[in-house]
Undergrad: 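Sharing a structure, written as structure tokens. Questions coming.
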Amino acid sequence: MILTVTPNPSLDRTYEVPALERGEVNRAVGDRMDPGGKGVNVSRAVAAAGKRTVAVLPLGGMPGALVAQLLGEQGIEVAPVQVEGATRSNISLAEPDGTLTKINAAGPELSAAEAESLLKAVRAESVGASWIACCGSLPRGLAPSWYADLVARAHAAGARIALDTSGPALTAALRERPDVVKPNAEELAEAVGRPLATIGDAVKAAEELRSLGARAVLASLGADGQLLVDDSGTYFASAPVETVRSNVGAGDASLAGFLIAGGSGPEALASAVAHGAAAVQLPGSVMPTPGDLDPAAVRLTDEVPLDRALREPAA
Ligand SMILES: Nc1ncnc2c1ncn2[C@@H]1O[C@H](COP(=O)(O)OP(=O)(O)OP(=O)(O)O)[C@@H](O)[C@H]1O
Ligand SMILES: O=P(O)(O)OC[C@@]1(O)O[C@H](CO)[C@@H](O)[C@@H]1O
């Protein structure tokens, strides 16, 4: 079973617009609503793969009730912690050329008692979990050390932790030695405090995160593919995609793919890339099912093209 923790979930609303025009009334040609937040998406992808998952998350207000309903309709097992403030709604504006503009709300402020209830729920649900995936931003009210505490408690209970967050929450958690961290290129650049222009730059940054405590680094580099740096070596994988429909949740789909395939080594990296490539071809944050995957399209190598420039350099 893969347990996910999403301290700041969201109701994701995606509008497909022919071309985004600032300052104008933009008419959507398609719209959808998904239960969101990074850990929620990991659970949706794990469930789409036919594996057992439980999603721990705070829920509040009407948007929270809607997130619970949508997850119920998708058959996702949820361990909700009721909170006073309303769950946030995040907006994505998707254009046909693949450009995506996202507006993420801050979300509710959690009280100290609510923060404690969330930790208790994680402890109660983590029995029998092969992995605990802790994902996304922290809502107001949770200290930047919240994930670090969670990693320490989970390790003490014998669970493995995958962490996908950024900024001070990521930096603080590294000292507790998370089993894998999954930064994207921007998050990796921010964590090491310098821009990344090539795949070699990303490898060096990933090695630095390992020296700070991460046991493995799975770095997602958007259209460029993904990098895995762990005890077994350094690997790079990518898969070509003709048309990107929405990259919302592609990183979450790939983390799910990685964990489903065991959570370490090159085979897990290949699964991560297959899931990411499939996810970007689906609308909104729809998660791929096994039938959407094209494992044969994944190119995996341990001869990492260090000098290759990133198509999307990270500042
Ligand atoms: N344009 C693309 N073409 C091919 N594959 C892509 C593209 N964009 C994303 N992917 C695949 O999805 C993976 C995850 O994408 P990305 O690095 O953008 O994650 P992310 O920023 O964490 O996403 P999110 O936070 O929305 O989940 C990539 O490593 C790659 O495998
Ligand atoms: O604000 P955060 O927590 O960093 O990210 C939240 C979010 O953008 O991440 C998911 C995609 O990865 C979406 O479902 C959700 O809206």
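Sequential numbering from 1 along the given sequence is applied to the chain's residues. Atoms within a ligand are numbered from 1 in the order they appear, just like the ligands themselves.
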Undergrad: Go through ligand 2 atom by atom and flag the ones less than 4.0 Å from a non-hydrogen atom of Gly136.
TA: 3 (O)
Undergrad: Please name the pair of heavy atoms, one in Ala250 and one in Val280, separated by the smallest distance, quoted to 0.1 Å.
TA: CB-CG1, 3.6 Å
Undergrad: Select the closest option to atom 14 (O) of ligand 2 among Asp252, Val42, Asp12, judged by heavy-atom distance.
TA: Asp12
Undergrad: State the atoms of ligand 2, each with its element, that fall below the 4.0 Å cut-off from a heavy-atom position in Asn90.
TA: 6 (C), 15 (C), 16 (O)
Undergrad: Given Asp252, which partner from the list Asn41, Thr4, Thr6 fulfils the side chain to side chain donor-acceptor pair (under 3.5 Å) test?
TA: Asn41
Undergrad: Which residue and non-hydrogen atom of the protein lie closest to atom 9 (O) of ligand 2, and at what distance in Å?
TA: Lys38 NZ, 3.2 Å
Undergrad: Need the ligand 1 atom indices (1-based, order shown) with element for anything under 4.0 Å from a heavy-atom of Ser220.
TA: 14 (C), 16 (P), 17 (O), 19 (O), 22 (O), 29 (O)
Undergrad: Residue-level breakdown please: for Ser10 versus ligand 2, do any non-hydrogen atoms fall below 4.0 Å on the side chain, on the backbone, on both, or on neither?
TA: side chain
Undergrad: Is it the side chain (CB and beyond), the backbone, both or neither of Asp34 that lies under 4.0 Å from ligand 2, heavy atoms counted?
TA: neither
Undergrad: What protein heavy atom sits nearest atom 21 (O) of ligand 1, and how far away is it?
TA: Asn184 ND2, 2.9 Å
Undergrad: What distance separates Leu163 CG from Ile132 CD1, expressed to the nearest 0.5 Å?
TA: 11.5 Å
Undergrad: Does Asp252 approach ligand 1 within less than 4.0 angstrom via side chain, backbone, both or neither, non-hydrogen atoms only?
TA: both
Undergrad: Can you tell if the side chain of Val217 reaches within under 4.5 Å of the side chain of Val180, non-hydrogen atoms only?
TA: no
Undergrad: Out of Arg88, Lys102, Arg13, Arg44, whose heavy atom sits nearest atom 6 (C) of ligand 2?
TA: Arg88
Undergrad: Taking the side chain as every heavy atom from C-beta outward, state whether Val40 and Val42 have any pair of such atoms under 4.5 Å apart.
TA: no
Undergrad: Before signing off on this row, confirm whether Gly251 and ligand 1 have an N or O atom pair separated by under 3.5 Å.
TA: yes
Undergrad: Taking 4.0 angstrom as the limit and counting only heavy atoms of Gln226, give me the atoms of ligand 1 inside it, by number and element.
TA: 13 (C), 28 (C), 29 (O), 31 (O)
Undergrad: Out of curiosity, Arg215 CZ to Asp231 CG, how far, rounded to the nearest 0.5 Å?
TA: 9.0 Å
Undergrad: Relative to the heavy atoms of Gly249, which atoms of ligand 2 are at a distance of less than 4.0 Å?
TA: 11 (C), 12 (O)
Undergrad: Any side-chain heavy atom of His155 within less than 4.5 Å of one from Asp179?
TA: yes
Undergrad: Please work out, at 4.0 Å between heavy atoms, whether the side chain, the backbone, both, or neither of Leu221 comes within that distance of ligand 1.
TA: backbone
Undergrad: Given Ala278, Gly222, Ser166, Gly249, identify the one with the heavy atom nearest to atom 28 (C) of ligand 1.
TA: Gly222
Undergrad: Looking at Lys120, I'd like to know if its NZ atom is crowded, meaning that more than 12 non-hydrogen atoms belonging to other residues, nucleotides or ligands lie closer than 6.0 Å.
TA: no
Undergrad: When you measure from atom 2 (C) of ligand 1 to every protein heavy atom, which one gives the shortest distance, and what is it?
TA: Ala223 CA, 3.5 Å
Undergrad: If you define the side chain from C-beta out and look only at heavy atoms, does anything of Val241 sit under 4.5 Å from Gln281?
TA: yes
Undergrad: Please list, in number order, the atoms of ligand 1 under 4.0 Å from a heavy atom of Ser254.
TA: 13 (C), 14 (C)
Undergrad: One thing to verify: whether Arg52 and Glu77 come together as a salt bridge, which I'm taking to mean a side-chain N less than 4.0 angstrom from a carboxylate O.
TA: yes
Undergrad: Where is the tightest heavy-atom contact between Ser166 and Glu190, given as atom of each residue plus distance?
TA: CB-OE1, 4.2 Å
Undergrad: What do you reckon, does Val241 have a nitrogen or oxygen under 3.5 Å from a nitrogen or oxygen of ligand 1?
TA: no
Undergrad: For Thr301 and Glu303, indicate whether the former's side chain and the latter's backbone hold a donor-acceptor pair under 3.5 Å.
TA: yes
Undergrad: Give the contacting part of Lys38 toward ligand 1: side chain, backbone, both or neither, where contact means a heavy-atom distance below 4.0 Å.
TA: side chain
Undergrad: Any idea which heavy atoms bring Ala253 and Met287 closest together, and the distance?
TA: CB-SD, 3.7 Å
Undergrad: Quick check on Gly251 - does any of its heavy atoms sit under 4.0 Å from an atom of ligand 2?
TA: no
Undergrad: Can you confirm, on distance only, whether ligand 2 has an N/O atom lying under 3.5 Å from any N/O atom belonging to Asn104?
TA: yes
Undergrad: Within this structure, what is the CD-CD distance for the pair Glu84 and Glu109, rounded to the nearest 0.5 Å?
TA: 12.0 Å
Undergrad: How far is atom 15 (O) of ligand 1 from its nearest protein heavy atom, and which residue and atom name does that atom have?
TA: Ala250 CB, 3.9 Å
Undergrad: For Gly276, take its heavy atoms, then give the atoms of ligand 1 lying under 4.0 Å from any of them.
TA: 11 (C), 12 (O)
Undergrad: Are the side chains of Asp302 and Thr234 in contact, using a 4.5 Å heavy-atom criterion?
TA: no
Undergrad: Could you tell me, atom by atom, which parts of ligand 2 come under 4.0 Å of a heavy atom of Asn41?
TA: 10 (C), 11 (C), 13 (C), 14 (O)
Undergrad: Just how far is it from atom CD of Glu312 to atom CG of Asn184, taken to the nearest 0.5 Å?
TA: 10.0 Å
Undergrad: Provide the number and element of each atom of ligand 2 under 4.0 Å from a heavy atom of Gly36.
TA: 14 (O)
Undergrad: With heavy atoms of Lys182 as the reference, note each atom of ligand 1 found under 4.0 Å away.
TA: 22 (O)
Undergrad: For ligand 2, which atoms sit closer than 4.0 Å to a heavy atom of Gly37?
TA: 13 (C), 14 (O), 15 (C)
Undergrad: Purely on distance, is any nitrogen or oxygen of Val248 under 3.5 Å from one on ligand 2?
TA: no
Undergrad: Which protein non-hydrogen atom lies closest to atom 2 (P) of ligand 2, naming both residue and atom, and how far is it?
TA: Ser137 OG, 3.4 Å
Undergrad: Out of all atoms in ligand 1, which are within 4.0 Å of some heavy atom of Asn247? Include the element for each.
TA: 26 (O)
Undergrad: Verify the cluster assignment for Leu119 and Leu3: are they in a single hydrophobic cluster under the rule of side-chain heavy atoms below 4.5 Å apart?
TA: yes
Undergrad: Could you pull out, from Val280, Val298, Val248, Val244, the option with a heavy atom nearest to atom 1 (N) of ligand 1?
TA: Val244
Undergrad: Testing the basics here: between Ala191 and Leu209, what is the closest heavy-atom pair and its distance to 0.1 Å?
TA: CB-CD2, 3.9 Å
